Protein chains: 2
Amino acid sequence: MKKSLADRIEEYIKVLIARSEAQQIEIQRVELAETFSCVPSQVTYVIGTRFTEKAGYITESRRGGKGFIRISCCELDKEAAWESRQELFIFIDRLLEVESISQKEGEMLKHVISKSSKEMAPDQKSQFFDAFKYALADFLKK
Amino acid sequence: MKKSLADRIEEYIKVLIARSEAQQIEIQRVELAETFSCVPSQVTYVIGTRFTEKAGYITESRRGGKGFIRISCCELDKEAAWESRQELFIFIDRLLEVESISQKEGEMLKHVISKSSKEMAPDQKSQFFDAFKYALADFLKK
DNA sequence: ACCTCTTTGACCTTTCTTGACCTTAATACT
DNA sequence: AGTATTAAGGTCAAGAAAGGTCAAAGAGGT
């Protein structure tokens, strides 16, 4: 399949991100458009279709003078968060098994944990899950 | 990110505040403008857009001879977080009263809430407490 | 032919920068 | 004391410099 302009821009951005230190880049929309001799909205299109949250990216931008578009790849963070969550839930399951907490309590905990962390950024989630596990262990120790 | 003049002035002021003893500084608008070779109203702009109450700052000023602009970094966020926390705890107390949850469960919740949020930034705390309350209500509704 | 993804361009919104003009406070001069 | 001067800071609007939106037209595949 012949690569479309959108594909090439996508690739280009991914290389930039890969080369970056913090898995994050900042670009000027017009500059990138000039690089590929296309209209600026093409860049918007590429970002809107390929660098979505679902694909593991977060984008922010600012209009006006010295504006920019920031794209960060948060795949790693997301995975870390997922693992922390898993660990916490497994811990809760173990508490259930040894009957440190009741069935209802386990469900309640899982529910509030999932729901109250929904809006957090990936790395905040990790921290939260870890801290929660620690706090829970701490409470039951007494 | 290419920094705009406004960004640089913002940064500069923040450094000054950080270095200050009482999280508070007093500047001369013209002086600062001269430092950055810009018009004085640029300073007003920066203060008006970045050092807002919502962002946790309080500004006062005086015109005329010996005039000044005072910027203090206040703890609004912290207060907001405290209030969210209070609200959540009061909600939990109410659940205890109407026996939606047990004494032990109430204690457990309060414990894990306090402990797992310890390291969060103030505004994250607010969000977390609010979300937690919502999540808890949601769980018990079922 | 039809459907989906691309490409373009006209128009919109936000943010920043500058400058002319206004208000207030301290001080100097009658 | 009362007024004039001077030294601040405040307001507001215009213009420039980004990025955003949306819909129409184009391209490619089935």
Side-chain angles (χ1 to χ4, degrees), chain A residues 1-17 20 22 24-74, chain B residues 1-17 20 22 24-74:
Chain A
M1 171 182 66
K2 205 184 140 205
K3 273 186 198 123
S4 65
L5 215 203
D7 290 335
R8 283 185 290 123
I9 295 178
E10 175 191 4
E11 229 169 70
Y12 182 80
I13 293 177
K14 284 190 172 161
V15 169
L16 289 187
I17 294 177
S20 73
Q24 172 179 327
I25 58 162
E26 266 168 28
I27 54 171
Q28 309 283 128
R29 193 176 70 147
V30 206
E31 255 182 42
L32 193 49
E34 265 162 21
T35 304
F36 286 89
S37 309
C38 64
V39 293
S41 54
Q42 178 71 282
V43 175
T44 306
Y45 172 73
V46 171
I47 288 171
T49 53
R50 328 306 227 233
F51 295 87
T52 62
E53 246 189 78
K54 224 180 117 207
Y57 295 90
I58 284 179
T59 62
E60 302 156 272
S61 70
R62 194 171 68 187
R63 301 184 182 191
K66 300 282 155 61
F68 60 84
I69 299 177
R70 182 183 303 145
I71 306 173
S72 27
C73 175
C74 57
Chain B
M1 170 174 67
K2 270 184 200 156
K3 274 177 200 135
S4 62
L5 216 202
D7 290 334
R8 284 184 289 123
I9 295 177
E10 174 191 5
E11 224 170 73
Y12 183 80
I13 293 177
K14 284 191 171 160
V15 169
L16 289 187
I17 294 177
S20 73
Q24 172 179 332
I25 58 163
E26 264 172 31
I27 54 171
Q28 307 284 125
R29 193 175 70 146
V30 205
E31 254 182 44
L32 193 49
E34 264 162 22
T35 304
F36 285 90
S37 309
C38 65
V39 293
S41 54
Q42 178 70 276
V43 175
T44 306
Y45 172 74
V46 171
I47 289 171
T49 53
R50 331 288 232 248
F51 294 87
T52 61
E53 251 188 68
K54 222 180 120 207
Y57 295 91
I58 284 179
T59 62
E60 303 155 272
S61 69
R62 196 170 66 191
R63 301 182 180 191
K66 301 277 158 62
F68 61 84
I69 298 177
R70 182 184 306 145
I71 306 173
S72 26
C73 175
C74 65

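Just so we're clear, the structure is a prediction, and the values are computed from it rather than from any experiment. Sequence lines set the chain letters: A, B, ... in the order given, protein chains first and strands last, and positions in each chain run from 1. Just the heavy atoms: all of them, side chains too, but no hydrogens, waters or symmetry mates, feed the values below.
- In this structure, B:Ile27 places its CD1 atom 14 Å from C1' of D:dG10, rounding to the nearest Å.
- A:Val43 comes within 4.0 angstrom of nothing in the nucleic acid, heavy atoms only.
- Looking at heavy atoms from C-beta onward, A:Glu11 lies in side-chain contact with A:Lys3 at the 4.5 angstrom threshold.
- With rounding to whole Å, B:Arg29 atom CZ is found 15 Å from C:dT23 atom P.
- B:Gln42 has its side chain out of reach of B:Phe36: every pair of non-hydrogen atoms, C-beta onward, lies at least 4.5 Å apart.
- Ion pairing between B:Lys2 and A:Glu26 fails under the 4.0 Å rule for side-chain N and carboxylate O.
- For B:Glu26 and D:dA8, the CD to C1' distance is 14 Å, given to the nearest whole Å.
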Quick one: which protein N/O atoms are closer than 3.5 Å to N/O atoms of nucleotides 13-15 of chain D? Pair and distance per line, please.
none

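- A distance of 11.0 Å separates CZ of B:Arg70 from CD1 of B:Ile58, quoted to the nearest 0.5 Å.
- In this structure, B:Ile47 CD1 and B:Ser41 OG are separated by 11.5 Å, a value rounded to the nearest 0.5 Å.
- Atom-to-atom, CD of A:Glu10 to C1' of C:dT6 comes out at 13 Å; the value is rounded to the nearest Å.
- Remark: B:Ser61 is not in phosphate contact with D:dG9, judged by side-chain N or O atoms under 4.0 Å from OP1 or OP2.
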**Item:** side-chain contact (heavy atoms from CB on, under 4.5 Å) between B:Tyr12 and B:Leu32, intermediate numbers included
**Value:** CA-CA 10 Å; B:Tyr12 183 80; B:Leu32 193 49; 3.4 Å; yes
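- The CD1 atom of B:Ile25 lies 12.0 Å from the CZ atom of B:Phe68; values are rounded to the nearest 0.5 Å.
- A 4.5 Å side-chain heavy-atom check between B:Tyr57 and B:Ile17 finds at least one atom pair inside the cut-off.
- Rounded to an integer number of Å, the gap from CD1 of A:Ile69 to P of D:dA17 is 18 Å.
- In this structure the side chain of B:Pro40 never reaches within 4.5 angstrom of the side chain of B:Glu34, judged on heavy atoms.
- Taken over five-pair windows at either terminus, the axes of the helix from C:dA1-D:dT30 to C:dT30-D:dA1 are inclined to one another by 0° (rounded to 10 degrees).
- Taken from OG in B:Ser72 to CD in B:Gln24, the straight-line distance is 4.5 Å, to the nearest 0.5 Å.
- A side-chain N or O of B:Arg29 and one of B:Thr44 form a donor-acceptor pair less than 3.5 Å apart.
- What separates CD of B:Glu31 from C1' of D:dG9 is a distance of 14 Å, to the nearest Å.
- Between the CD1 atom of B:Ile47 and the C1' atom of D:dG10 there is a distance of 11 Å, given to the nearest Å.
- Atom CZ in B:Phe51 sits about 14 Å away from atom P in D:dG10, given to the nearest Å.
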**Per-nucleotide protein contact string for nucleotides 9-19 of chain C, where B marks a base within reach and S marks sugar-phosphate only (heavy atoms under 4.0 Å, - for neither)** = B---BBBBBBB
